Asks: 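Take a look at the following structure, please.
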Amino acid sequence: MGLGGCILLIGAGAILTFATDWKSESVNLDLVGLIMMVVGIIGVAAFTAIARRRRALVSPVAPTVIEEPRHGGHER
């Protein structure tokens with residue numbers, strides 16, 4: 001799951017928790033929304049940790065150029 005999916009989970013969870021007043025006998029929508037927000041926050045934290053680690057491991061390397069001497073005439 002990417003960063004966009006995590007942000008979507010946080011938003012959908014916030015909508016379920018704070019913006020709806022639906023009542024269901026079998027499912028507590030406030031709890032479902034809180035769980036979605038927590039999972040989204042954990043996903044964002046994991047994504048940033050992985051992205052930071054990838055960025056730290058890759059170091060820029062200058063290309064190696066090997067120049068061979070040129071001879072003026074034909075080789076015999």
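In this text the structure is predicted, and so the values were computed from the model without any measurement. The basis for the numbers below is simple: all heavy atoms, side chains too, and nothing from hydrogens, waters or symmetry mates.
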Asks: What distance do N28 atom CG and T17 atom OG1 have between them, rounded to the nearest 0.5 Å?
Replies: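 That separation rounds to 9.0 Å.
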Asks: Could you identify which residues cluster with I42, counting Ile, Leu, Val, Met, Phe, Trp and Tyr as linked when any side-chain heavy atoms lie under 4.5 Å apart, either directly or through a chain of such contacts?
Replies: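 Joined to I42, directly or through intermediates: V38.
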Asks: Just wondering, do D30 and L16 contact through their side chains at under 4.5 Å, heavy atoms?
Replies: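 Contact flag for L16/D30 side chains = no.
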Asks: When clusters are formed by joining ILVMFWY residues with side-chain heavy atoms under 4.5 Å apart, either directly or through shared neighbours, do I15 and I7 land in the same one?
Replies: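 Cluster IDs for I15 and I7 differ.
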Asks: State plainly whether one hydrophobic cluster holds both I41 and L3, where clusters connect Ile, Leu, Val, Met, Phe, Trp and Tyr through side-chain heavy atoms under 4.5 angstrom apart.
Replies: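 In one cluster with I41: L3, yes.
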Asks: Show the numbers, then the answer: is there a side-chain contact (heavy atoms from CB on, under 4.5 Å) between I10 and M36?
Replies: CA-CA 6 Å; I10 294 170; M36 289 173 70; over 6 Å; no
Asks: Do V44 and L8 sit in one hydrophobic cluster, given that two such residues count as connected whenever their side-chain heavy atoms are within less than 4.5 Å of each other, even indirectly?
Replies: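 Different clusters: V44 never reaches L8 through Ile, Leu, Val, Met, Phe, Trp or Tyr contacts under 4.5 Å.
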